[in-house]
J.: 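Below is one structure. I have some questions about it.
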Amino acid sequence: MVINFKNFLLKYISLIGLLTLCIIIALISPRFLTVSNILNVLTQVSVNAILAIGMSFVILTGGIDLSVGSVLAITGAVLATFAKTGGNILPGVIAAIMLGAAIGLVNGLLVSKGKVQAFIVTLATMTIFRGVTYVYTGGNPISGLGNNISFIGNSSIFGVPLPIFFIIIVLLIAWYALNQTRFGRYIYALGGNEDSARLSGISTNRIKSLVYVISGVTAAIAGIIVTSRIGSASPNAGVGFELDAIAAVVLGGTSLAGGEGKVTGTIIGALIIGVLNNGLNLMGVSPFYQAIVKGLVILLAVLLDKKEK
Amino acid sequence: MKKKHLKLMALALTGAMLLAGLTGCGSKSTSETDSKKKVGLVLSTLNNPFFVSMKEGAQKAADEAGYTLIVADSGNDAAKERSNVEDLIQQGVSVLIINPTDSDAVGNAIKVANDSKIPVITVDRKANSGTVACYIASDNVTAGKMAAEFLAQKLGNKGNIVEIQGTPGASATNDRGKGFADFIATLPDMKIVASQSANFDRQKGLDVMQNIMQSTPEFDAVFAHNDEMALGAINALAGKNVLVVGIDGGADAQKAVQEGTMAATIAQQPDLMGSLAVQNAVKIINNETVPASIPVDLKLITK
C-alpha cells in the first residue's frame with residue numbers, strides 16, 4: 001500500500017508540482033485564485049502550450065525543433081500583411097499555417113533524408129527564418145492591423161477567452177493522434193528504438209518528416225495568436241520561445257531521448273511555467289530573483305522526474 | 001569521403017559567394033565603394049526598430065556626405081561585437097561608430113580600434129574603457145525624469161503608478177528607472193505601487209500588465225521603460241482610464257499617442273543620433289575637432 005502510494009505520487013509528480021505551486025501562490029497572494037486571474041493565466045499560457053504540444057511530437061521521436069520561435073515570427077508577419085488589407089482574414093490564416101507546415105517539412109526532410117542532427121538543422125533554420133523575417137518586415141513591426149484579426153486572440157465565448165479553446169482543440173487532436181492512431185504508435189516506437197522500428201517495417205523517414213510539419217503548424221498557430229493578441233507582428237517576436245516550449249515538454253515528464261511521455265504532461269508543464277510567471281508578478285517578486293526561481297523549478301522538476309525512472 | 005567533403009565545401013563557398021554577390025548588388029557596386037572613404041557602424045542589434053532608425057539616419061548622412069557606410073549587427077552579443085570591430089578595421093574604415101551592446105564589454109573592442117589608430121565614436125550607450133573621440137546619446141536618467149514630470153503634472157502631483165521595467169540589469173532599465181523613481185520620491189502623494197519587468201518586449205508587456213492588474217486593481221498611470229511594453233500594456237488595459245507613458249518615440253507609439261490610447265512618449269530621436277554620428281565621423285576624417293560628448297535632445301510627444 002505504501003509502495004503503491006509512492007508510485008502514485010511519482011506518476012503524477014508534475015500535476016502534484018503544479019497544484020503545490022498553486023497552493024503556495026494562493027496562500028501568499030489572495031488574487032491568484034480568482035476566475036479572472038485563472039482565465040488570464042490560461043490565455044497567457046496558450047502560446048507556449050500550443051508550441052509545446054507540437055514540440056512534444058518532435059521530442060517523442062528523439063528530435064528537437066529550435067526553429068519554432070522564428071516560424072512564429074515569420075508566420076505572424078505574413079498573417080499581419082493579410083490583416084492590413086482589412087478583408088477576410090481566413091486566407092491569411094491559411095497562408096500562415098501552410099508556411100509553418102512548409103518550413104516544418106524542410107526541417108523534417110533535412111533531418112530524415114538528409115540525416116543531419118535535428119539540433120543542427122533547426123538551429124540553422126531558426127537563424128535563417130529570423131533573417132527572413134527581418135528582410136520581410138524591414139526590421140520594423142507590422143502594425144495598424146484591421147479589426148478583422150483582433151477576435152482571434154481577444155474575444156471570448158461564454159466569458160472564456162478564445163485562445164483557451166485553441167489549447168483544448170490542439171490538445172484533443174494531439175492526444176487522439178498519439179494515443180488512438182497507428183501514426184501515434186509509430187512515433188513512440190521510433191523514439192524508443194529507431195532501428196527496430198525501421199526493421200519492423202515502419203517508414204521512419206515519413207514519420208520523422210511529419211512530426212516537424214506538426215511542430216511547424218503549431219508554431220504558425222502560436223504566431224497567429226501572438227499577432228492577434230498584440231495587434232502587430234514584431235520581427236523579434238518569439239525570440240527564446242523554443243526554450244520555454246522545451247522546458248514545458250520536459251517539465252511534463254517527456255524524455256529528451258524520445259519514446260516516453262504524454263501531451264497531457266506537456267500541458268501541465270506549460271501551466272507550471274505560466275503559473276510561475278503569473279504568481280511571481282502577483283507577489284511582486286523582484287525581477288532579479290524571478291529568473292533564479294524559474295531555473296530552480298525546472299531543475300527540481302526534472303530531478304524528481306528522474307527518480308520515477 | 002574526402003572528395004565528398006571537398007565538394008560540399010565548394011558548394012557552400014559558391015553559395016556564400018552568390019549570396020554575397022546578391023546583397024552587394026542590393027546596396028552598391030564594389031568598384032564604387034573602393035574609391036570612397038569608408039565609415040564603419042557597429043550596432044548592438046537590428047532586432048529593434050529603434051536601432052533600425054539609427055542605421056537609417058546614419059545611412060542618410062553618409063549618402064549626403066558621399067561616404068560609404070558599412071553596417072555590422074552584433075546581435076546583442078559582445079563577442080560578436082568585437083569580431084565586427086575587427087572585421088571593419090580589416091575592411092579599411094577611417095572612423096568606427098559603435099553602438100555598444102554593453103558599456104563594460106565594449107572596452108576591449110574599442111582598444112582593438114585604438115591600437116589600429118582608428119578613431120571611435122560611441123552612440124546611445126557609453127563605453128567604460130578605451131579611448132573614445134566622441135559620445136553621442138540622450139540621457140536615459142533624464143528620459144525617466146521627463147516621464148515622471150509629465151505624469152505628475154497630468155495627475156496633479158497625486159496618484160498611484162505602475163512601473164513596467166526593461167530587461168533586469170540593462171543600463172537603460174537602471175537609468176530610466178532611477179530618473180523616474182528619484183523624481184516621484186520628491187512627491188509625497190505619488191507612489192509606485194507595482195514594479196515588474198517585461199524585458200522591453202511587447203507581448204510580455206501585455207502579460208505582465210494583466211498580471212499586475214490582478215494584484216493591483218487601483219492605479220492611475222503606467223510608466224513603461226520603452227514603447228513596446230507600453231503598447232503591450234495598452235492592449236491589456238483595454239480602454240481602462242489610465243495614463244500610459246513610454247520611452248523611445250517609435251512610429252507605433254507616436255500613432256498611439258495621436259489616437260489617444262497612449263498619453264505620451266519620450267522620443268529619443270535615434271535617426272538624429274545616427275546622422276550626428278556620421279557627421280562627426282566626417283569631421284574627424286577632415287581633421288576637424290569634435291566635442292567629447294554630444295547630448296541629443298529628448299522630445300516629449302503628447303497629443
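Per chain, numbering begins at 1; letters A, B, ... match sequence-line order.
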J.: Below 4.5 Å, heavy-atom pairs only: which of A:Pro235, A:Ala237, A:Ser143 has the largest tally toward chain B?
T.: A:Ser143
J.: Tell me whether the count of non-hydrogen atoms from other residues, nucleotides or ligands lying under 6.0 Å of OH in A:Tyr289 goes above 12.
T.: no
J.: How close do B:Leu206 and A:Ile230 get, heavy atom to heavy atom, and via which atoms?
T.: CD1-CG2, 3.6 Å
J.: With a 4.5 angstrom heavy-atom cut-off, which part of A:Asn277 approaches chain B: side chain, backbone, both or neither?
T.: backbone
J.: Can you tell me if B:Gln258 has over 12 outside heavy atoms packed within less than 6.0 Å of its CD?
T.: yes
J.: State the OG-CG distance between B:Ser197 and A:Leu280, to the nearest 0.5 angstrom.
T.: 11.5 Å
J.: Inspect the surroundings of CD in B:Glu218 and state if more than 12 heavy atoms from other residues, nucleotides or ligands are less than 6.0 Å away.
T.: no
J.: Is there any residue in residues 222-242 of chain B with a non-hydrogen atom under 4.5 Å from a non-hydrogen atom of chain A, and which ones are they?
T.: B:Glu228, B:Asn235
J.: Verify whether one side chain among A:Asn281 and B:Gln214 offers a donor that lies under 3.5 Å from an acceptor in the other.
T.: no
J.: Between the side chains of A:Ser232 and B:Arg202, does any donor sit under 3.5 Å from an acceptor?
T.: yes
J.: In terms of heavy-atom pairs under 4.5 Å, which option from B:Val208, B:Thr45, B:Asp201, B:Thr216 contacts chain A the most?
T.: B:Val208
J.: I would like to know whether A:Gln44 and B:Asn211 meet side chain to side chain contact (heavy atoms under 4.5 Å, CB included); could you show each step before the answer?
T.: CA-CA 10 Å; A:Gln44 290 175 10; B:Asn211 292 343; 3.0 Å; yes
